[in-house]
There are 2 protein chains.
Amino acid sequence: MELSDYVGAPVKAFGAMMSAAKESAHGKRDTGTLGKLMVLLDLVSHADGPMRFTDILAVADQPRGTVHRQLSHLVEEGLLEIDEDGRYLPGLRLLDFASRSWGRNEFRLVAEPHLKALQDLTGETVHLGVLRGTSIIYLDKFEGQQPVRMYSQIGNASPVYCTGVGKAALSVLPRERVEALVAEIAFHRFTANTHTAESLLAEIEEIRKQGHAFDREEHEVGICCIAAPIWSENLSLVGGVSITGPAYRLGMENLSEWAAPIRETSGRIMEAMRIGLGPRR
Amino acid sequence: MELSDYVGAPVKAFGAMMSAAKESAHGKRDTGTLGKLMVLLDLVSHADGPMRFTDILAVADQPRGTVHRQLSHLVEEGLLEIDEDGRYLPGLRLLDFASRSWGRNEFRLVAEPHLKALQDLTGETVHLGVLRGTSIIYLDKFEGQQPVRMYSQIGNASPVYCTGVGKAALSVLPRERVEALVAEIAFHRFTANTHTAESLLAEIEEIRKQGHAFDREEHEVGICCIAAPIWSENLSLVGGVSITGPAYRLGMENLSEWAAPIRETSGRIMEAMRIGLGPRR
DNA sequence: AATTGAGTTCCAAATAATAGAACAGTTGCA
DNA sequence: TGCAACTGTTCTATTATTTGGAACTCAATT
């Protein structure tokens, strides 16, 4: 299990995250000092506000002096920052790293025109996401109206089990790999419709047959989506594209109408990948 | 000197960066193991393409075994990724960290409506940037046309000496602090108009009197801008807002017309900060 | 078959991180 | 005011990780 698998889990679930990480059957990550620092960076950047030293210390499960030095190093490198009240925040240097990661991501570049086309066709919000560990990371987003907020969502990591893209992505993986991933997940009930391990595995089977997945307000109340998977031949890249919208307008019936277009889009993106990325260079 | 000061320097200048870091009169950063790992992360994410192990090894100035383990750790944590050809790329986990850093940045949130208003008024592209070390990190961007590319630019770190926002920001710092910063910069000649240490210091004096700064194609040929500084009382936050455009349309004469509006905007943002961020909470 | 190049693994020695306590500065409260 | 609790910082012997260098594997070339 990798730490990144936790990315996007709600702050509330920290205890569970931490203990699960320790008890993981896959054994502890062996990233030495870096791993310990990343736990702190994760903690602070996923909190929903600035954290005081004591708050961090309380969940860090390490001696005071140690936590203090670790935080100092992170701050000195610009990965964290301290506000006027001495509280810790994610640092802006992270933005620079990320903009470069995003700017030259080939998958995103290849998919871009097809996402735009799908947005034009449907008028609804279109997302592109990729599977990383047990999370979906959103790589791009095209909205109908004026740019309500650029950046919003993009980069966010969401749990695989309660997003359309996530479930679509799982559906193209071999069954044993899905089961291995599901075993790593700490399920958290976001809404009344959020999956459990069992119901998720059952739905994956359905999606395998259908070729597309739905999100029936499983992550956020009032938000639905339909998604289709995207995968490379050797499964080194697994992700998906989705059409998202408010439940009052995009109910299941309406969403189903987009099944054909969204699957065409995912097909075109996969075709473009085979050309663009090539089998070998 | 902090490593983040180098963010945004061109890849070509690596040798200079590395040696300058070592020889820095301010002494070495003391971030232990983390610092060494960040050098590699910086290296890979600022390269203009995927890097092979050997390429990294060549510039890393460390033994093979060491570099190999360091890269492995970074990959295992998701900060770097390896493509099918075994080359190293910035990892997508960085996106998640960044989106959270960006999403709750107070400065950006406070400035947003005023940037939008300036964009509406001028029809030109508006940027918001903040000073970090000897770089300007762009926090937000509003474009005239349809969202040509969201995310683009946002997060990018550019050298302080060849951007309008950078020079505007420097102009509000006390003279000795400017000189200290300038002493740390490894100047790189991007265009024929790019500043040297001397010409930069001279222009800062001008900007101090004027209250606004220009970029006369100093970073990129064909791109000009006018910028006004934004600063908090205790200078814990120093940045600026700019109007950017192509030189053929936005020459110096045309840019000068925006001097009043852009200074009004920066003024309004500073006012909003005093209310929003408050003197104390 | 021999050579070069790229990447990986190993282990004693060097170095950095750790744990724990002591210290200092603030705040709250009687 | 004085005392206690809280918050953050600093110090040092001990411990664990990182380091550096070499040896090793695997492919591609000659």
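All values below come from the heavy atoms of this structure, side chains included, with hydrogens, waters and symmetry mates left out.
Residue A:His73 contributes atom NE2, which lies 9 Å from atom P of C:dT18 at whole-angstrom precision. Atom CG of A:Leu34 and atom P of C:dT18 are 12 Å apart (whole Å). For the pair A:Asp85 CG and D:dG8 C1', the computed distance is 14 Å after rounding to whole Å. We find that CD of B:Glu76 is positioned 14 Å from P of D:dT17, with the value rounded to whole Å. Protein atom CG of B:Asp30 is 14 Å distant from nucleotide atom P of C:dT15, rounded to whole Å. Summarising the geometry, the separation between CD on A:Gln70 and P on C:dA17 is reported as 9 Å, rounded to the nearest angstrom. One can place CG of B:Leu57 at 10 Å from C1' of C:dG7, the figure rounded to the nearest angstrom. We find that CD of B:Gln62 is positioned 17 Å from C1' of C:dT8, with the value rounded to whole Å.
Here A:Arg52 does not reach the OP1 or OP2 of D:dG8: none of its side-chain N or O atoms lies under 4.0 Å away. Look at B:His68 and you'll find a side-chain N or O under 4.0 angstrom from OP1 or OP2 of C:dT8. In terms of phosphate contacts, A:Thr33 brings no side-chain nitrogen or oxygen within less than 4.0 Å of OP1 or OP2 of D:dA16.
In the set D:dT7, C:dT8, C:dA16, C:dT8 carries the atom at the smallest distance from any side-chain atom of B:Phe53. Counting only heavy atoms from C-beta on, B:Thr54 has its side chain closest to C:dG7 among C:dT18, C:dG7, D:dT19. Of the candidates C:dT18, D:dG20, C:dT8, the closest approach to any side-chain atom of B:Pro63 belongs to D:dG20.
Ring geometry for B:Phe53 against B:His68 counts as perpendicular: the plane angle is over 60°, on a 0 to 90° scale with 30° as the lower cut. In this pair, B:His46 and A:Phe97 present their aromatic rings perpendicular. The plane angle is above 60°, beyond the 30 to 60° band.
Here the OG1 atom belonging to B:Thr33 is positioned 9.5 Å from the CG atom belonging to A:Leu34, to the nearest 0.5 angstrom. For the atom pair OG of B:Ser135 and CG of A:Leu92, the computed distance is 11.5 Å after rounding to the nearest 0.5 Å.
The closest side-chain donor-acceptor pair between B:Thr31 and A:Glu77 falls under 3.5 angstrom.
At a threshold of 4.0 angstrom between heavy atoms, the contacts of B:Arg64 include nucleobase atoms, whether or not backbone atoms are also involved. Within 4.0 Å (heavy atoms only), B:Thr66 reaches at least one base atom of the nucleic acid.
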